[in-house]
Amino acid sequence: MVNEIKPYEFDEIERRFQEQWRASGTFEVSEDSSRPKFYCLEMLPYPSGDIHVGHVRNYCITDVITRFKRMRGFNVLHPIGWDALGLPAENAAIKRGTHPESWTRANIAGMKAQLQRLGFSYAWSREIATCDASYYRWNQWFFLKMLERGIAYRANSPVNWCPSCLTVLANEQAEGGTCWRCHSAIEIRDMEQWFLRITDYQDALLDDMSALSAWPERVLQQQRNWVGRSAGAEVSFPVEGGEDIRIFTTRIDTIYGATFCVLAPEHPLVDSLMSGADQVAQATLRRLRGQDRRARMSGQVEKEGLFTGGFAKNPFSGERVPIWVGNFVLMGYGTGAIMAVPAHDERDFEFARKYGLRIHPVIQPPTGGLDGAIMKEAYVGPGEVTGSAGFNGLPSEVAIERMTAHAASQGFGGSKTAYRLKDWLISRQRYWGTPIPVVYCPKDGVVGVKESDLPIVLPPDAPFTGEGGNPLEKVEAFVRATCPKCGGAARRETDTMDTFVDSSWYFYRYCSPTTDDAPFDKAAVKYWFPIDLYVGGIEHAILHLVYSRFWTKVMKDLGLIDWGEPAARLFPQGMVHNNGEVMSKSKGNTIAPDDVIKRYGADTLRLYILFAAPPELSMEWSETGIEGPHRFLLRVWRLVQKHARPGRPRAHPDGSALSDTGSALRRKVHQTIARVTGDIDERIHLNTAVAALMELTNEIYRLEEGLGGMSDLPALAEGLDALVLLLSPFAPHACEQMWLDLGHVKSLVDEPWPRVDQDALREASTEVAVQVNGKIRARIMVPVGADEAAHKELALSEPSVKAQVLGKTLVKTVIVAGRLVNLVVK
RNA sequence: GCCAGAGUGGCGAAAUUGGCAGACGCAGCGGACUUAAAAUCCGCGGGUCAGGAAUGAUCGUGCGGGUUCGAUUCCCGCCUCUGGCACCA
């Protein structure tokens, strides 16, 4: 009678092992100096309501790595938490008449259940939610430290305002002029707001990248662009009867061609220069100042300007140049003033043509001379300097150095570096965020609250009407405060912090989530850091990943840690698309894992997501492809059940006793161990690791019938054990069960990862491709270890090769032993 | 415009250091089992030409060149797509 094969009841199996892992605290860890540590981190989710397969993909990657590293002997920290403050909760509260906190807590509970149903290996005792006052009090603590050091400051400046979210946004969150969250068009408003001086760290953010060799180049490049460091020079142009104009340029080599200066409409010198201007000019100036600044910054507005009536002196040529105001010059970059060199700058050229200003070439391109009167476009490349007394004949690069040195020695300029990066605007005019811990005192001004008064807790009784601004302003008991300095009546700050503050340092908190006298325990953090692998979406390349690098550098300066970068390796996983668009709640195209789990089980879902595409590329969700991994899992299941023999003694396979089939099986098993190990550990090519396991399974099916009796049985047992262990990081529940079915008694999570036996890889001969003039003509079997002469002889004795070589002269033979022979004939 | 990444069968993809292009899987086709279907198991599978077939010839990794005995891989020049930045002086 044929053995009745136990059916694969995934729902029962998965729930049983999830309960077992939970009950025995399998994935809880503590600092243990006897083992190497590994900190495996994923970006914490926003509790929007439902986990979708986009999240699942992220967490499957870290889960495989966690389980793998653990079996490799590492003490692995794999924590999870909730980025729980933020606008969607408040908007939901307004819409549904609930409180942001109850909406958030309910979502966390639901999403947590979903994650647990997927069997992820989290250290749940370290779970954090950023909306807990025990967490955000440390945001406030950090803020006070930064306030003391002048890193946090309040200033009036033009800021991005989202008219739909009713709050200001950081520069990083105004993507291409639209709100990162709701994509409404951003307005620029002048407002007094709180900033963090990230620009103090702009050079460190760039220079420390040399330590980030395991970060992908595209992320570093995006960050470089964002910081936007450009080396140049600052030069003063003396103004007739007025204050000097300081300009910034990266092309001081063109300064003899500067035929006018242009100031931004908001430049502080404009008013005095135009004090004598007529009504028409004043009206034009007012109009330029009223133009939409966002549009001006993005170049969508036609270049326009007016002559101020003033003149300056070009400090190099001595030439008298008119001073203009132009809408294309931006107050927020460089000095807000430029020297205009129309011959060598496209924008200046366009402006000069429009207003009939002089175009004077001073750079000779390699192709020949330029004539300002007939130029059709600016020449912006480098060349040889002409018409520049004292510097003629020099190439641009040399002229830049010499002219900068000259300006410095003459006292009217010097080298200067400009940056695109702006300070981080962290104020938000919304309720559901960390209250900024300061009060406004009529006598003492802006005063930070006392550390002992932290946390400043969000009042639960704010009205969520969606009207009349920040709900906190309406909570009398919250706004009324006393001044920490004088004890007099004061008004509490009602702005809250950007939620990117919360996520800038949360990964330190995981190391000691209950520490209550500091943001974290220094020793615990020292043990776990740096993060060995950080997995998350590429969309955070210049938001979270810049902010968290900045925060770590600030923490170092505060003496809390002694390193300057949080993560050794960054792995940005590809996004999941559905119907051609990124899967996200706002797009309304999310797929919840629940239905898939119901039909196929969590193990199949995990396998499918990891098999469908390499983890770093985007993948298109498709329901049909999931059949393949499911069938594979069933194939493994049946194979194991067929050979399940609880209690069977195990023996190490004896290589010399194995049949040819037995040896072939062992070879495949150990080749697979090597492949899967390398695919997971080095490359994170999890899709090819799964493919290798499918191949192994196919091979065992092919070979099992031909196994030669008792002496081959240990090889089969070894192969099945290895298959289940190698598969376990991907499909942990089914593998736990199969491990028991194979006769083991303990959970496999602590089982050592299989090791490659080099002896098993050995074989008598290998297939070698034979090419004639680079074209494959035959495949021959060559004994392992054969020398080049033997390769050549075997190749030439092959009939199909003989036919190709016949009557021709062999001019060269290329031999790659064990792989290929190439015969070059004429 | 600048920067980065990508382009391989009907589809998702693989090829780890310049060495057998298309592993593995989906969809498809053929066979076995079955009264039948599902499931399962076995097999086929880039194009063109020749052949009944095994097979052989030839083309083939976005396009055009180059280096090399040999190129999906390296170099030069284009095209297309994706992402980031963009009147940044």
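Reminder, nothing fancy here: chain letters follow the sequence lines and each chain counts from 1.
Nucleotides B:U73 and B:A21 have their P atoms positioned 14 Å apart, rounded to a whole Å. B:A89 sits 43 Å from B:U72 when the C1' atoms are compared, rounded to a whole Å. When the P atom is used for both B:U40 and B:A4, the distance is 48 Å, rounded to whole Å. Remark: the separation of the C1' atoms in B:U17 and B:C74 is 13 Å, to the nearest Å. Taking atom C1' in both B:G5 and B:G9, the straight-line distance is 24 Å, to the nearest Å. One P atom belongs to B:A53, the other to B:U48, and the distance between them is 15 Å to the nearest Å. Rounded to whole Å, the separation between the C1' atoms of B:A71 and B:G56 comes to 26 Å. Nucleotides B:C79 and B:C63, compared at atom C1', are 7 Å apart to the nearest Å.
With a 3.5 Å ceiling on both atom-pair distances, the Watson-Crick or G-U wobble partner of B:U55 is B:A50. Pairing of B:U80, defined by two Watson-Crick or G-U wobble distances under 3.5 Å, is identified with B:A6.
We find that CD of A:E172 is positioned 15 Å from P of B:G84, with the value rounded to whole Å. Per the geometry, CG belonging to A:L820 stands 10 Å off C1' belonging to B:C69, to the nearest Å. Rounded to an integer number of Å, the gap from A:I338 CD1 to B:C88 P is 10 Å.
A:V301 comes within 4.0 angstrom of a base, heavy atoms only. Base engagement by A:R296 is indicated by at least one non-hydrogen atom pair under 4.0 Å involving a base atom.
Checked by distance alone, A:N822 brings a side-chain donor or acceptor within 3.5 Å of a matching partner on the base of B:C69.
Taken from CZ in A:F237 to CD1 in A:I245, the straight-line distance is 8.5 Å, to the nearest 0.5 Å.
Ring centers of A:W226 and A:Y419: at least 6.0 Å apart, outside the cut-off.
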